[in-house]
Structures are given as structure tokens and as C-alpha cells.
Asks: 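First the structure, then my questions, so here it is.
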There are 2 protein chains.
Amino acid sequence: MSCETDTVKVLRTTGHKATPQRLMILGALRHGSGHLTAAEIFGEVQAEYPYVDISTVYRTLGVLKELRLVSETDMGTGDTTYEWVQQQERHHHLICRNCDEVTSLDHQYLEDLGAEIMAESGFKPDLDHFAIFGLCAKCRLEAEQN
Amino acid sequence: MSCETDTVKVLRTTGHKATPQRLMILGALRHGSGHLTAAEIFGEVQAEYPYVDISTVYRTLGVLKELRLVSETDMGTGDTTYEWVQQQERHHHLICRNCDEVTSLDHQYLEDLGAEIMAESGFKPDLDHFAIFGLCAKCRLEAEQN
DNA sequence: CATGTAGTTGCAACCAATTGCAATTATCAT
DNA sequence: ATGATAATTGCAATTGGTTGCAACTACATG
Ligand SMILES: [Mn+2]
Ligand SMILES: [Mn+2]
Ligand SMILES: [Zn+2]
Ligand SMILES: [Zn+2]
């Protein structure tokens, strides 16, 4: 029926309930594109069901994050952003601290780092969605000229 | 005189002022050990000079962070932590999401990642002090038994 | 040393996110 | 289908952190 049946299963088998509020939040995350703030998700859910509370949104994002179905990332914009984690399209971001440009970084870089850490320490890192700050090529060259 | 003369120089040459409040905050960071919360720094400064405001602490941490003299890190404890960045002792942390154990990770791992990213994209990442969440060896083995 | 000015401070108001709690509800086991 | 139970919700209060602003001060310059 709904296209969230898999997620509903995951919720139930981990002792959580599939409430209507959660399904709406899930829908916003899966059909809205890319990085969403809690306020954006809240707005979308509210349009359909005006009684939701923002705390329900945050708590749901909390459980989805625990289950590693969504990533929570500080992209330096002030508000934390959330993104549905798709195993096929795992990626990260490079963010310039000078011009704020955001680009994507292939997951492979972090996959390799994760494998090394795992091999040498036994610790298995969660590498769902990183924001790496720094200086983009353009800004770095400008800075080096001084 | 004071042991913060280098930092004072950095502040001045970047167009900032070396105010008494800032020097006290600096002192707390350099002489206090390891990860400090804004509240801890505030408390220490307040003991010496009761009129400081917490906003001054946050703003000072902001400029020190911009200058990359301190790192700001979410270690998952609720409050953001700040640590003086010592070039010689650069390090990162692995934090278990199950048992909360915190260990150190040698900087070399991230140095290598940074070099790769830089070589292939021209982006120069700031790799001052990362917190990498995941499952420690013990918790991972326990989880795999189920 | 005096002075002009940009940078900083304390305060109060504000904002994003979290938490305690009593009422409600999804789910499981009969 | 019904009832017991644990999880969840909405609400209100709270916390950690930020911001606008008028008063103040560090410091560069002459
Ligand atoms: Mn992304
Ligand atoms: Mn550290
Ligand atoms: Zn840039
Ligand atoms: Zn552990």
C-alpha cells in the first residue's frame, strides 16, 4: 500500500510504533529532496495534520537517526539538517568556510578510512553523512596570494 | 610576561582586540585540561571577574574557532565542547554509540584522508578535531552474536 | 600622550532544540 | 475482538546558544 512498508517493519521489529505522525514525517523525508530542516518537515506535516507538535518531529527524527534511516548534519547554516539515508547514494559534503560553497564527496574516501580504523582498532565507525569544512580550491589560491 | 603573548599577537594581527575577558577565557582553555564546555569556561572566568556574560564567552570561542586556535566538537554529551588546538598533539576521537566509551584516534588517519581529498579536488579540509561515532569492538561483537 | 574609531561588552530578548508529564494510542497476546 | 501494556503524543516549561543594541574600550595613529 504505502511505500513505507519496509520502514514500518523496521520500526516494529525494534520496538517502536508506526504512528500516523511518524508516517507523515517519513513521507516528508523520503519525498522531499535532499537536506531538510526540522522546521521544514514540521511545516509539511502541519499542512496535512495541524495538531502535530515540533517536539514530535524532533523525537521522531531522533528515533530514525538511532535506526540510521536518516542522517543528522550540521552544514553550518544555523539549523541542523536531516537527510534520508539511501545506501546506494551514500555521499558526504565539502563546505568552504570562506565562500560557503557546498560540494559532494564520494563515499569511497570515507569507506576507506572506516576500513582502516576498523582493521586497526576494531571500532566500526558510522559513516553515514559527513560535512567536512575547509577551504575550496578557489578560496585557497586567493588566500595563498597574500 | 603572560604566556599568551603569541595568541595576543595573532589576535591583533587579525584585527581583533586582546581584552581582559578574552585573556581569561584563553587562560581557562590553555590551563584547563582537555575538553571544556562553555559553562565550565564561564564558571572559571566568573570566579576571577564576576561581571562577564556567557555571551562574551561564546563570542570569544567563536573568534578563537575562526582563527583555528580552538576546536569546537559535539561529543554527544549534550553540551558542545571546546579544546585548545595544539599542533603537536593533534588527535581525534572515536565514540561508541552503545557504551559511550571515548578513545583517541591518531591524527595520521585524517591527515591521509585530507591529503587525498586535497590532491583530487583542490579542497583543503580543516581536520582539527573530529568526533567519529560508531560501535566499539566490544559492543560490535555483542551485537553480532544476536 | 591625546584622540578617533572599529571592535567588544553586558544586557535583554530571542531562537532552536530538549525534557517532564499526564493523557492517549499502537501493538501484542489472549 | 478485547484488554493490558509500553510507547508515544501534545503541551508547557526549560536549556544551550545567538543576536541587536547602546555603552564602552583597546589600540593605531599622529
Ligand atoms: Mn547530503
Ligand atoms: Mn580531544
Ligand atoms: Zn570557497
Ligand atoms: Zn561500546
Side-chain angles (χ1 to χ4, degrees), chain A residues 1-2 4-5 7-26 28 35-43 45-46 48-67 69-82, chain B residues 1-2 4-5 7-26 28 35-43 45-46 48-67 69-82:
Chain A
M1 210 89 266
S2 136
E4 328 286 9
T5 44
T7 311
V8 167
K9 246 175 249 164
V10 174
L11 281 170
R12 296 228 175 98
T13 59
T14 52
H16 295 101
K17 292 178 176 179
T19 66
Q21 290 93 329
R22 282 180 178 172
L23 296 182
M24 290 187 277
I25 292 165
L26 239 79
H35 309 128
L36 294 173
T37 65
E40 286 166 344
I41 296 167
F42 180 54
V45 173
Q46 226 178 8
E48 194 179 342
Y49 174 65
Y51 301 106
V52 248
D53 190 75
I54 188 73
S55 67
T56 300
V57 173
Y58 280 110
R59 284 193 272 227
T60 296
L61 289 170
V63 342
L64 296 175
K65 187 177 49 161
E66 254 178 47
L67 298 172
L69 297 172
V70 303
S71 62
E72 178 187 61
T73 313
D74 174 4
M75 310 270 293
T77 50
D79 296 15
T80 304
T81 63
Y82 299 86
Chain B
M1 208 88 266
S2 134
E4 327 285 10
T5 45
T7 311
V8 168
K9 248 174 247 165
V10 175
L11 281 170
R12 296 228 173 99
T13 60
T14 53
H16 295 99
K17 292 180 178 175
T19 66
Q21 289 94 331
R22 282 181 180 170
L23 295 182
M24 290 187 277
I25 292 164
L26 238 80
H35 309 128
L36 293 173
T37 65
E40 285 165 347
I41 296 167
F42 180 54
V45 173
Q46 225 179 9
E48 192 179 341
Y49 174 65
Y51 301 106
V52 248
D53 192 75
I54 187 75
S55 67
T56 300
V57 173
Y58 280 111
R59 283 192 273 228
T60 295
L61 290 170
V63 342
L64 296 176
K65 187 177 49 161
E66 254 178 48
L67 298 173
L69 296 172
V70 303
S71 63
E72 178 186 63
T73 313
D74 174 6
M75 310 267 295
T77 49
D79 295 14
T80 304
T81 63
Y82 299 86

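Just so you know, these numbers use all the heavy atoms, side chains as well, and skip hydrogens, waters and symmetry mates.
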Asks: Quickly work out the B/I25 CD1 to C/dT8 P distance and round it to whole Å.
Replies: 12 Å
Asks: Closer to the 5' end of DNA chain C via nearest nucleotide, is it B/Y51 or B/G15?
Replies: B/G15
Asks: Using a cut-off of less than 4.0 Å, is there contact between a side-chain N or O of B/T56 and OP1 or OP2 of C/dT8?
Replies: no
Asks: In whole angstrom, give the distance that lies between atom CE of A/M24 and atom P of D/dT8.
Replies: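 Answer to the nearest Å: 15 Å.
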Asks: Please state whether the phosphate of D/dA26, meaning OP1 or OP2, lies under 4.0 angstrom from any side-chain nitrogen or oxygen of B/T19.
Replies: no
Asks: Which whole-number value in Å describes the distance from A/D74 CG to D/dG16 C1'?
Replies: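 After rounding, the reported distance stands at 14 Å.
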Asks: Output the distance between atom OG1 (B/T56) and atom CZ (B/F42), rounded to the nearest 0.5 Å.
Replies: 8.5 Å
Asks: Out of C/dA17, D/dA26, D/dT19, which has the shortest distance to the side chain of A/Y58?
Replies: C/dA17
Asks: Figure out the CG/P separation between B/D79 and C/dT19, and round it to whole Å.
Replies: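 Answer to the nearest Å: 11 Å.
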Asks: Which distance, rounded to the nearest 0.5 Å, do you find between the NE2 of A/H16 and the CG of A/L67?
Replies: 5.5 Å
Asks: Can you figure out which of C/dT8, D/dG17, D/dG10 approaches the side chain of A/R59 most closely?
Replies: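 The listed nucleotide nearest to A/R59's side chain is D/dG10.
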Asks: Rounding to an integer number of Å, can you tell me how far A/D53 CG sits from C/dA23 C1'?
Replies: 14 Å
Asks: Using whole Å, what does the distance between atom P of nucleotide C/dG7 and atom CG of B/L23 come to?
Replies: 18 Å
Asks: For the side chain of A/K17, starting at C-beta, report the closest nucleotide among C/dT9, C/dT27, C/dT8.
Replies: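 Between C/dT9, C/dT27, C/dT8, the one nearest the side chain of A/K17 would be C/dT27.
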Asks: Would the base of C/dG7 count as contacting B/R22 through its side chain, where contact means a donor and an acceptor less than 3.5 Å apart?
Replies: no
Asks: Can you measure from CG (B/L36) to CG (B/D79) and round to the nearest 0.5 angstrom?
Replies: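 Interatomic distance, B/L36 CG to B/D79 CG, rounded to 0.5 Å: 12.0 Å.
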Asks: Looking at CG of B/L61 and OG of B/S71, how far apart are the two atoms once the value is rounded to the nearest 0.5 Å?
Replies: 10.5 Å
Asks: Can you measure A/F42 atom CZ to C/dT18 atom P for me and round it to whole angstrom units?
Replies: 15 Å
Asks: On the nucleotide C/dT25, are OP1 or OP2 found under 4.0 Å from the side-chain N or O atoms that A/Q21 carries?
Replies: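 Result: no.
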Asks: Quick one: label A/P20 by what it contacts on the DNA or RNA (base, sugar-phosphate, nothing), any heavy atom closer than 4.0 Å.
Replies: sugar-phosphate
Asks: Using a 4.0 Å heavy-atom cut-off across all strands, classify B/S55 as base, sugar-phosphate, or nothing.
Replies: base
Asks: Using atom OH of A/Y82 as one end and atom C1' of C/dA16 as the other, report the distance to the nearest whole Å.
Replies: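 Whole-Å distance recorded here is 10 Å.
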Asks: What's B/A39 touching, base or sugar-phosphate or nothing? Going by heavy atoms closer than 4.0 Å.
Replies: nothing
Asks: Which nucleotide wins on minimum distance to the side chain of B/R12, given the candidates D/dA28, C/dC28, D/dG10?
Replies: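 Among D/dA28, C/dC28, D/dG10, the one nearest the side chain of B/R12 is D/dA28.
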Asks: Would B/T60 and B/T19 count as a side chain to side chain contact (heavy atoms under 4.5 Å, CB included) here? Give the steps.
Replies: CA-CA 10 Å; B/T60 295; B/T19 66; 5.9 Å; no
Asks: Indicate yes or no: at least one non-hydrogen side-chain atom of A/L26 is less than 4.5 angstrom from one of A/V8.
Replies: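 Sidechains of A/V8 and A/L26: no contact.
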Asks: On DNA chain D, nearest-nucleotide positions of A/A18 versus B/A18: which is more 5'?
Replies: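 Of the two residues, A/A18 wins.
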Asks: What's B/Y49 touching, base or sugar-phosphate or nothing? Going by heavy atoms closer than 4.0 Å.
Replies: sugar-phosphate
